[in-house]
Amino acid sequence: MIHRKQKGKLVVISGFSGVGKGTVVKRLMEDYDHYALSVSMTTRKPRENEVHGVHYYFVGDEEFEKMIAEDGFLEHAGYVGHYYGTPKAFVEKMLEKGIDVILEIEVQGAMQIKEKFPEAVTVFITTPSAQEMENRLEGRKTETAEQISGRFDRAVDEAECMDKYDYVVVNDKLDECVRQLERIISQKPDEHRFNPAFKKRFVKELHEIIAKRAAKKAEKE
Ligand code: 5GP
């Protein structure tokens, strides 16, 4: 098992869609030069400005399924109709070299990693509120209203998994969030541990937004 020989730390970062976790991770990589970021493979189409090999390896179903068959992934999952997976080789190479590796992945994959690597540090990034999440998703204008609603349905399941993470970080101010994240990875402090009251409030708000979006859709039809 590779985790016995592992020298670097495996860091899993998940979060709701629209919380800006991509921006947080990008800043973490810019501000600190001792991390390696794993580039995932996906079957979803590239968004404008996304580059193959930088943001993702964009592949077809067949190629992805071949990688699964060859046991080429550390973890993989389906998310809103597409496959996403972490190629094994790069991560193993970095860990062997003693470099900490960041995986920005969704919750099913995060749980697979936690099972294989119990010592991995897992962090869930969230917006301060579900309303703020809707604002950010609508503001970035990369998804249709229907896709955003799909992401909210998914967020309910994701929120249920929040308590399985070691830490929950609120991305309110970017600088602060990045700093907190670095501190968590390097020092594993007790603050930012999971807070059940926060989860309860967030889930309630998610359901309110889902109901509001459904009513708005029905009005249009
Ligand atoms: P997006 O399509 O917005 O880039 O990503 C959708 C979701 O897939 C995000 O929650 C992202 O963190 C997750 N994701 C990206 N790469 C991977 C991966 O390799 N494995 C898993 N399980 N999830 C991933």
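One-based numbering, in listed order, for ligands and for the atoms of each. Owing to the predicted nature of the structure, the values given are computational and were not obtained by experimental measurement.
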Atoms in ligand 1 with a heavy atom of G109 nearer than 4.0 Å: 22 (N)
Backbone or side-chain N or O of G85 under 3.5 Å from ligand 1 N or O: yes
Contact check, E75 vs ligand 1, heavy-atom distance below 4.0 Å: yes
Close approach, Q147 and ligand 1, non-hydrogen under 4.0 angstrom: no
A77 neighbourhood, listing ligand 1 atoms whose heavy-atom distance to it stays under 4.0 Å: 22 (N)
Closest candidate by heavy atom, reference atom 15 (C) of ligand 1, pool Y79, Y57, Y56, Y83: Y56
Ligand-side contact atoms (ligand 1) for residue partner R151, heavy atom cut-off under 4.0 Å: 2 (O), 3 (O)
Polar side chain donor-acceptor pair, Y83 to E65, under 3.5 angstrom: yes
For atom 12 (O) of ligand 1, closest protein heavy-atom neighbour: E104 OE2, 3.2 Å
Nearest protein heavy atom with distance in Å, relative to atom 22 (N) of ligand 1: E106 OE2, 2.7 Å
Any N or O of E158 closer than 3.5 Å to N or O of ligand 1: no
Joint cluster assignment, V107 & I184, ILVMFWY side-chain distance < 4.5 Å: yes
For S40, atoms of ligand 1 separated by under 4.0 Å from a heavy atom: 16 (N), 17 (C), 18 (C), 19 (O)
E115 and Q112 side chains, donor-acceptor separation under 3.5 Å: no
Close approach, K21 and ligand 1, non-hydrogen under 4.0 angstrom: yes
Ring geometry between H52 and Y57 (parallel below 30°, tilted from 30 to 60°, perpendicular above 60°): perpendicular
Minimum side-chain heavy-atom gap N195-V168 below 4.5 Å: no
Ligand 1 atoms in contact with R44 (distance to a heavy atom under 4.0 Å): 1 (P), 2 (O), 4 (O)
Min heavy-atom dist R47 to ligand 1 below 4.0 Å: yes
side-chain contact (heavy atoms from CB on, under 4.5 Å) between F73 and F64, worked out: CA-CA 10 Å; F73 290 116; F64 199 100; 3.5 Å; yes
Atom indices of ligand 1 within 4.0 angstrom of T86 heavy atoms, with elements: 19 (O)
Min side-chain heavy-atom separation N135-E132 under 4.5 Å: yes
Test side-chain hydrogen bond (donor to acceptor under 3.5 Å, both in side chains) applied to S149 and R154, E143, R213, the passing residue: R213
Joint cluster assignment, L37 & I185, ILVMFWY side-chain distance < 4.5 Å: yes
Q131 versus K212, closest heavy-atom pair with distance: OE1-NZ, 4.0 Å
